[in-house]
Amino acid sequence: MTDQLIDNVTADGAVYFIFGATGDLARRKLFPALYSLYREGKLGDKFAIVGLARRPRTDEQFREDVLESIKEFCRYKIGEGQEWQDFAERFTYHSLDIGNVDGFRELQASTEALEARYSIAGNRLFYLALAPELFGTVSRNLRDGGMLESAGWHRLVIEKPFGYDYPSASKLNEEIRHVFKEEEVFRIDHYLGKEMVQNIEVIRFANAFFEPLWNKQHIANVQITLSETVGVEERGAYYNKSGALRDMVQNHMLQMLTMIAMEPPSHLDPEAIRDEKVKVLRSLRSFKSGDEVRERVIRGQYTSGELRGQALKGYREEDSVPADSTTETFFAARLFVDNFRWSGVPFYVRTGKRLPVKSTEIVVEFKNVPGNLLFASRQQLQPNLLVIRVNPMEGIYIRINAKKPGNEMTVQPVAMEFCQSCQVGINTPEAYERLIFDAARGDSTYFTRWDELAAAWQLVDPIAAAWQEHAADLAHYSAGAWGPQQAHKLLHQDGFHWWPVNGQDEDNVIWVSNTGK
Ligand code: BG6
């Protein structure tokens with residue numbers, strides 16, 4: 001990030017409108033992110049934040065809510081002295097019926113007053129922490145209420161789920177695009193805001209080690225695991241309609257896959273990068289029949305089980321979930337990127353709720369060295385791995401083979417780790433901080449462009465359609481297990497296995513790590 005880009009945000013300032021200001025996302029993520037940006041000077045002096053929701057609330061009550069949220073969720077500690085007062089005074093609350101354009105006209109008048117007070121040049125960022133059904137109405141009323149007539153830029157930031165399938169996503173997109181241009185729309189996938197997901201580009205394109213090997217000649221397979229220990233919590237009603245496919249695969253999993261598989265962009269500008277990503281999505285081998293889905297995709301649902309001594313109920317017993325639900329809480333698939341670089345290399349992806357650990361990791365497994373006279377007869381060599389640890393640990397490790405000290409020529413795997421999150425003094429910004437900041441400075445690199453989204457839906461829709469026809473394909477797994485057995489078979493059929501996440505569990509590997517372990 002250059003200083004000039006920071007200056008662009010701070011010099012002219014902006015008003016940040018948080019629609020859904022009394023909701024969970026605002027409380028857990030957005031207010032803490034805004035405070036962190038403020039603490040780091042990234043909001044500059046010229047900013048104001050307007051909370052919007054239907055429920056009546058005074059500015060004072062709203063500021064109390066914001067303070068509580070920052071205390072609970074922000075990575076910076078907040079005092080209640082002058083510093084808090086200075087920040088708090090920038091927050092105002094506006095009760096709004098989003099279906100009524102008159103409310104937006106009033107908002108326009110009060111916004112002009114705020115802009116005059118803080119010398120803000122008319123830049124307006126609208127963050128819709130709302131149900132997607134409301135995006136179209138809000139966009140229209142922003143326009144009809146005069147909110148888009150100020151002198152500066154206008155940007156719309158929206159959250160998933162962006163549609164339920166390709167047709168609904170396309171309709172939603174049209175409603176928004178009647179009002180906002182594509183370059184004004186910032187579609188959030190919070191995985192793209194994560195430090196280690198952004199780091200993939202640097203690891204790949206700034207190291208001479210990897211690029212020559214990054215292809216079908218040298219890579220045996222890629223494994224992307226996003227496992228969660230949580231169940232569906234209080235989100236049963238939403239989740240039951242969405243399932244793992246729409247909640248995690250269509251967005252986060254495919255975005256990580258594109259970062260691993262994309263070609264180096266010709267320029268480092270957002271459109272060049274997103275052009276490369278969309279090419280990967282369009283190269284993903286589509287599912288042409290229900291049989292193909294059955295062959296390459298596993299879907300599972302958790303039944304009751306146990307995790308670390310705690311008894312857990314099954315998905316069908318969760319609140320707001322029907323007792324006969326066939327929604328998947330686990331997804332695994334063998335995907336292929338059918339282009340020159342990746343032809344024939346399987347990309348295995350898996351994600352699920354109520355798995356044994358919370359972890360997001362990407363494993364790149366290299367092909368074995370050619371039949372090696374010295375070692376092959378004595379022992380099986382383990383493949384080299386490059387592992388990118390996204391979450392909750394952040395870092396990277398490589399696994400190589402080395403000689404075990406001693407007279408015997410014994411080979412043992414050695415893992416060399418750089419643990420980023422273990423370093424003292426590192427306080428990694430939250431995904432939402434980066435994303436709000438990027439939207440404010442107009443950098444859309446880590447937001448999803450419409451054509452990416454469309455391509456992702458086009459891959460996912462045939463899978464959902466096949467499942468609808470064959471409800472019997474749903475496999476079950478006990479809460480606390482690594483998904484259904486079929487997910488393991490998927491790799492065994494190809495002669496591979498899932499590498500354990502948090503590789504330290506493997507006791508034959510010697511670890512060399514900056515954590516001192
Ligand atoms: C969200 C999903 O997009 O990502 C949730 O809706 C999921 O179901 C969450 O729990 C996982 O995000 P993270 O950052 O905690 O890995």
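Treat the numbers as computed from the prediction; the structure is a model and nothing was measured. Just so you know, ligand 1 is whichever comes first in the structure, and atom 1 is the first atom listed for that ligand.
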Quiz item: Any N/O of H190 closer than 3.5 Å to an N/O of ligand 1?
Solution: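 Indeed, backbone or side chain, H190 has an N or O that close.
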
Exercise. Consider every N or O of Y239 and every N or O of ligand 1, then say whether any pair is closer than 3.5 Å.
Key: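 No; the residue has no nitrogen or oxygen that sits under 3.5 Å from a nitrogen or oxygen of the ligand.
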
Quiz item: Is L268 atom CG crowded by more than 12 heavy atoms from other residues, nucleotides or ligands, each under 6.0 Å away?
Solution: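 No - once you tally the heavy atoms of other residues, nucleotides and ligands closer than 6.0 Å, there are 12 at most.
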
Self-check item: K358, NZ atom: more than 12 neighbouring heavy atoms under 6.0 Å
Solution: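 Yes, because the 6.0 Å sphere around NZ of K358 holds more than 12 heavy atoms from other groups.
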
Quiz prompt | Aromatic contact, F418 with Y397 (centres under 6.0 Å) | solution =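 No; Y397 has its ring centre 6.0 Å or more from that of F418.
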
Self-check item: Ring centers of F31, F62 separated by less than 6.0 Å
Solution: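 Under 6.0 Å, so yes.
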
Quiz item: Can you list the ligand 1 atoms lying under 4.0 Å from a non-hydrogen atom of K353?
Solution: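 Listed by number with element: 5 (C), 7 (C), 8 (O), 10 (O).
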
Looking at [atom], what's its closest protein heavy atom, distance included?
{"atom": "atom 16 (O) of ligand 1", "answer": "Y191 OH, 2.4 Å"}
{"atom": "atom 13 (P) of ligand 1", "answer": "K358 NZ, 3.4 Å"}
{"atom": "atom 6 (O) of ligand 1", "answer": "D247 OD1, 2.6 Å"}
{"atom": "atom 3 (O) of ligand 1", "answer": "H252 NE2, 2.7 Å"}
{"atom": "atom 14 (O) of ligand 1", "answer": "K194 NZ, 2.7 Å"}
{"atom": "atom 7 (C) of ligand 1", "answer": "E228 OE2, 3.4 Å"}

Quiz item: Any side-chain donor paired with an acceptor under 3.5 Å for R294 and H470?
Solution: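 Side-chain D/A pair, R294 to H470: present.
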
Quiz prompt | Proximity of N391 to ligand 1 by residue part, where a heavy atom lies under 4.0 Å | solution =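 The answer is the side chain of N391.
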
Quiz item: Can E40 and R75 be counted as an ion pair, charged N to O under 4.0 angstrom?
Solution: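 Yes, this pair counts.
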
Self-check item: Test side-chain contact (heavy atoms from CB on, under 4.5 Å) applied to I158 and L130, I176, T448, the passing residue
Solution: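 Answer after filtering L130, I176, T448: I176.
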
